[in-house]
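Throughout, numbering of the chain's residues begins at 1 and tracks the sequence.
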Amino acid sequence: MGRPPRLLCCLFLALSLAAVARAATRHHEWEISYQFKHSDCVRKLAVTINGQTPGPTIRATQGDTVVVRVNNSLLTENVAIHWHGIRQIGTPWADGTEGVTQCPILPGDVFTYTFVVDRPGTYMYHAHYGMQRSAGLNGLIVVAAAPGAEPFAYDGEHSVLLNDWWHKSTYEQATGLASAPIVWVGEPQALLINGRGRFVNCSAMAAGACNAAHPECATQVFAVVPGKTYRFRIASVTSLSALNFEIEGHQMTVVEADGHYVKPFVVKNLNIYSGETYSVLIKADQDPNRNYWLASNVVSRQPGTATGTAILSYYGGRSSPRRPPPTTPPTGPAWNDTMYRFRQSVATVAHPAHVEPPPPRADRTILLLNTQNKIDGRIKWALNNVSFTLPHTPYLVAMKNGLLGAFDQRPPPETYAHQTYDIYAVQKNPNTTTSNGLYRLRFGSVVDVVLQNANMLDANKSETHPWHLHGHDFWVLGYGIGRFDPAVHPATYNLRDPILKNTVAVHPYGWTALRFKADNPGVWAFHCHIEAHFFMGMGIVFEEGVERVGQLPREIMGCGKSNGH
């Protein structure tokens, strides 16, 4: 009777050792510097990695350790890099969020990020210092699964990184946002696909400012073999824009979202919000003798930017790979068709063979009202009438070192007058206050967060907000249009097959409910992924089990009250 358990134990040990043996360490050496780039054919200073924007794709296999040695050669600018979607289990100091998990990397300094990629999927990285992400410091992370582990098959894959692009520097944008009256960033000058796009008014610019023939803005070409099935890994690192993505003439089957397998559903085009990733499958089954557009269009805001394009080209066809297709680029659905986008959100649920059931109930519920407000005449964003500001001493450093006074010890409010607040009206009193306080969560507890959208300072205006949680995935339990009622709507939650994500949209005048376990020791940001909105205060921070965090690397200290530690 004793032999089978011993055999099973030995088998388990052998498999564990085999997994460890297979895990690799992926080393990267990055130099961050400003370079003149022509991403949309217009000459502009961009923040680059080893001279590139976007930066190099990090490729790894589930269980690998990634080591990125970052040399900040910006000379006059700090830097921090966030590994978006990587949970940083056991390495919260590597999350790369300035003011939350680390002091920024100073000009001339070197910092090494080391972390394990514990789940397969499509992820991204980007700057998390000021509004630097908008300047070009971003790229993809692709984590391969073990052979045969995925619930779908394909013959090849392509990666698509979607972005929006401005000609103004991030310094100009940030200064405008902090001004009274506000100078809004405006709509982007171009939409980029894998760092390439076209500014439509190139010919009207001063001589030498825009070069439509520059190779850096040459249209990206994706090649396919007739009859084959391809996985397209799609990520949006936009600073402002919600996008609709389409591959002309080819239906897309959605199979992955934020690193989790989706119950497959077919779309003509895909709505994707800043911070989200998806995988779709397409069949190369159209006429191989012509090319097809890949198109990126702004939705949820009235577009002021031309369609971003790339080309799908068939091997062996009679059309030259770079020849523009014979059609006009698809323009996508109506930009203000909220329900079209809402229905796609609701349709995104877990794959039947990969359901991870959520806990049946929450220990704590936090209701967050998203509003646009004012402080001393300056426009801000706020949660429950509190606009977030980052402390000078990172929370993780302050809490591990007992640096009292580094941030406001009073927790922000976790509810609002939800029974009486009119989400469709302009606030009678838009004034708000700031705080850098945080929410302390009991380690291991289950937390529900309901994000409620509302009217802005202008009448009849509400925007989509993509919210991203660091250090966790959360179950998306439900969406609604109108005011959330905690006495009614929790009964409608999807507890059967909710998708796990790290970024989720809150639709205009709508609410989104999510649930997560506070089981990752550290301090984690939760914020709107629109660069300007987080800069203007739309974010909060959670702390959980910080006493369980190991000794912090000295390299993440040195700013604020940690100077000298």
Side-chain angles (χ1 to χ4, degrees), residues 97-100 128-134 168 170-186 239-240 301 366-395 398 405-418 420-439 449 451-468 506 508-509 525-542 559-561:
T97 313
E98 180 266 336
V100 178
H128 219 297
Y129 176 79
M131 292 179 63
Q132 218 168 54
R133 168 161 59 96
S134 183
K168 283 186 177 179
T170 54
Y171 289 113
E172 291 175 278
Q173 293 182 45
T175 301
L177 292 173
S179 298
I182 190 172
V183 180
W184 177 240
V185 298
S239 295
L240 173 66
R301 301 178 61 85
I366 298 173
L367 305 182
L368 295 175
L369 176 68
N370 291 240
T371 54
Q372 196 176 42
N373 298 75
K374 287 187 175 181
I375 297 177
D376 298 330
R378 292 173 170 81
I379 295 178
K380 301 290 183 181
W381 285 96
L383 287 311
N384 296 347
N385 209 42
V386 175
S387 186
F388 177 72
T389 57
L390 281 168
H392 294 297
T393 309
Y395 294 104
F407 60 91
D408 192 343
Q409 297 298 306
R410 296 168 298 176
E414 53 186 81
T415 190
Y416 64 98
H418 53 82
T420 58
Y421 190 90
D422 185 353
I423 65 167
Y424 294 101
V426 176
Q427 296 181 77
K428 291 185 176 66
N429 178 10
N431 292 324
T432 189
T433 58
T434 63
S435 173
N436 57 18
L438 49 66
Y439 295 88
V449 178
L451 295 156
Q452 174 71 65
N453 217 336
N455 202 89
M456 297 166 62
L457 291 175
D458 294 333
N460 303 312
K461 191 174 182 183
S462 182
E463 293 182 346
T464 303
H465 299 290
W467 275 78
H468 171 58
V506 187
Y509 298 111
F526 181 45
H527 61 92
C528 179
H529 210 255
I530 293 174
E531 195 84 313
H533 289 181
F534 184 43
F535 179 85
M536 296 164 71
M538 192 182 285
I540 61 174
V541 170
F542 294 121
C559 59
K561 291 182 179 295

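- Distance alone, capped at 3.5 Å, places no donor-acceptor pair between the Gln452 side chain and the Leu368 backbone.
- For the atom pair Leu438 CG and Tyr395 OH, the distance stands at 5.5 Å (nearest 0.5 Å).
- Considering only heavy atoms from C-beta on, Tyr439 stays 4.5 Å or farther from Val541 through its side chain.
- For Asn370 (side chain) and Leu451 (main-chain N/O), no donor-acceptor pair under 3.5 Å exists by modelled atom type.
- Between the CH2 atom of Trp381 and the SG atom of Cys528 there is a distance of 8.0 Å, given to the nearest 0.5 Å.
- Scanning for salt bridge (Lys or Arg N to Asp or Glu O under 4.0 Å) contacts around Glu98 gives an empty result, with sequence neighbours left out.
- Under the 4.5 Å side-chain criterion, counting only non-hydrogen atoms from C-beta, His533 is in contact with Glu463.
- Remark: the backbone N or O of Thr97 is not paired with any side-chain donor or acceptor of Tyr129 at under 3.5 angstrom.
- Annotation for Gly539 and Phe388: closest pair O-CB, 3.0 Å, computed over non-hydrogen atoms.
- If you look at His465 and His527, their ring centroids are not closer than 6.0 Å.
- Using modelled atom types and a 3.5 Å distance limit, the side chains of Asn455 and Tyr509 yield a donor-acceptor pair.
- Looking only at distances, a side-chain donor or acceptor of Ser387 sits under 3.5 Å from a matching main-chain atom of Met536.
- Taking 4.5 Å as the limit, every side-chain heavy atom of Ile530 sits out of range of all side-chain heavy atoms of Ser239.
- Ring geometry, His468 versus His529: the interplanar angle exceeds 60°, so the pair is classed perpendicular (tilted spans 30 to 60°).
- Residue His392 places its NE2 atom among 12 or fewer non-hydrogen atoms of other residues, nucleotides or ligands, all under 6.0 Å distant.
- Using a 4.5 Å heavy-atom cutoff, the side chains of Val100 and Pro394 are not in contact.
- Residues satisfying the salt bridge (Lys or Arg N to Asp or Glu O under 4.0 Å) test with Asp422, not counting sequence neighbours, are none.
- Counting heavy atoms from C-beta outward, Val185 and Leu177 have side chains that approach closer than 4.5 Å.
- Here Ile379 contributes atom CD1 and Ile182 contributes atom CD1; the two are 4.5 Å apart, rounded to the nearest 0.5 Å.
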message = Quick one, Trp467 with Val506, criterion side chain to side chain contact (heavy atoms under 4.5 Å, CB included). Give me CA distance, side-chain angles, the key distance, then yes/no.
response = CA-CA 7 Å; Trp467 275 78; Val506 187; 3.8 Å; yes
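- Using a distance-only test at 3.5 Å, with no hydrogens or angles considered, no donor-acceptor pair links the side chain of Asp408 to the main chain of Asn436.
- With rounding to the nearest 0.5 Å, the separation of CZ in Phe526 from CD1 in Ile366 is 9.0 Å.
- Checking side-chain atoms of Gln427 against main-chain N and O of Ala425 turns up no donor-acceptor pair under 3.5 Å.
- Using modelled atom types, no side-chain atom of Ser179 and backbone atom of Pro181 make a donor-acceptor pair closer than 3.5 Å.
- Side-chain contact between Ile423 and Asn453 is absent, with no heavy atoms from C-beta onward closer than 4.5 Å.
- Relative orientation of the Tyr416 and Tyr421 rings is perpendicular, given thresholds of 30° and 60° on the angle between their planes.
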key: Verdict with reasoning, Lys380 to Thr434, per side chain to side chain contact (heavy atoms under 4.5 Å, CB included)   = CA-CA 9 Å; Lys380 301 290 183 181; Thr434 63; 5.8 Å; no
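- Nearest heavy atoms, Ala398 versus Ala406: CB-CB, 3.7 Å.
- Note that CG of Leu369 and CG of Asn384 are 6.0 Å apart. Values are rounded to the nearest 0.5 Å.
- In terms of the salt bridge (Lys or Arg N to Asp or Glu O under 4.0 Å) criterion, residue partners of Glu414 (sequence neighbours excluded) are, by chain and number, Arg364.
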query = Taking it one step at a time, do Arg378 and Asp376 satisfy salt bridge (charged side-chain N to carboxylate O under 4.0 Å, His left out)?
reply = CA-CA 6 Å; Arg378 292 173 170 81; Asp376 298 330; 5.4 Å; no
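- Side chain of Thr432 to main chain of Asn385: a donor-acceptor pair is present (N/O by atom type, distance under 3.5 Å, no hydrogens or angles).
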request  = Kindly determine whether His128 and Phe534 satisfy side chain to side chain contact (heavy atoms under 4.5 Å, CB included), including the steps that lead there.
outcome  = CA-CA 11 Å; His128 219 297; Phe534 184 43; 3.7 Å; yes
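- Among all heavy-atom pairs drawn from Val386 and Ser435, the shortest one is CG1-CB, 3.5 Å.
- Listed for the Ser462 side chain is a donor-acceptor partner under 3.5 Å among the backbone atoms of Ala454.
- Residues Met131 and Tyr171 form no side-chain contact, since every pair of their non-hydrogen atoms from C-beta on lies 4.5 Å or further apart.
- Here the straight-line distance linking atom NZ of Lys168 with atom CD of Gln173 works out to 8.0 Å at 0.5 Å rounding.
- Side-chain contact check for Pro508 versus Thr464: some heavy-atom pair is nearer than 4.5 Å.
- Of all heavy-atom pairs between Pro430 and Leu457, the closest is CB-CD2, 3.6 Å.
- If you check the side chains of Asn373 and Asn431, you find no donor sitting under 3.5 Å from an acceptor.
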inquiry  = For Ile375 and Thr433: C-alpha separation, side-chain torsions, deciding distance, then whether side chain to side chain contact (heavy atoms under 4.5 Å, CB included) applies.
reply    = CA-CA 7 Å; Ile375 297 177; Thr433 58; 5.7 Å; no
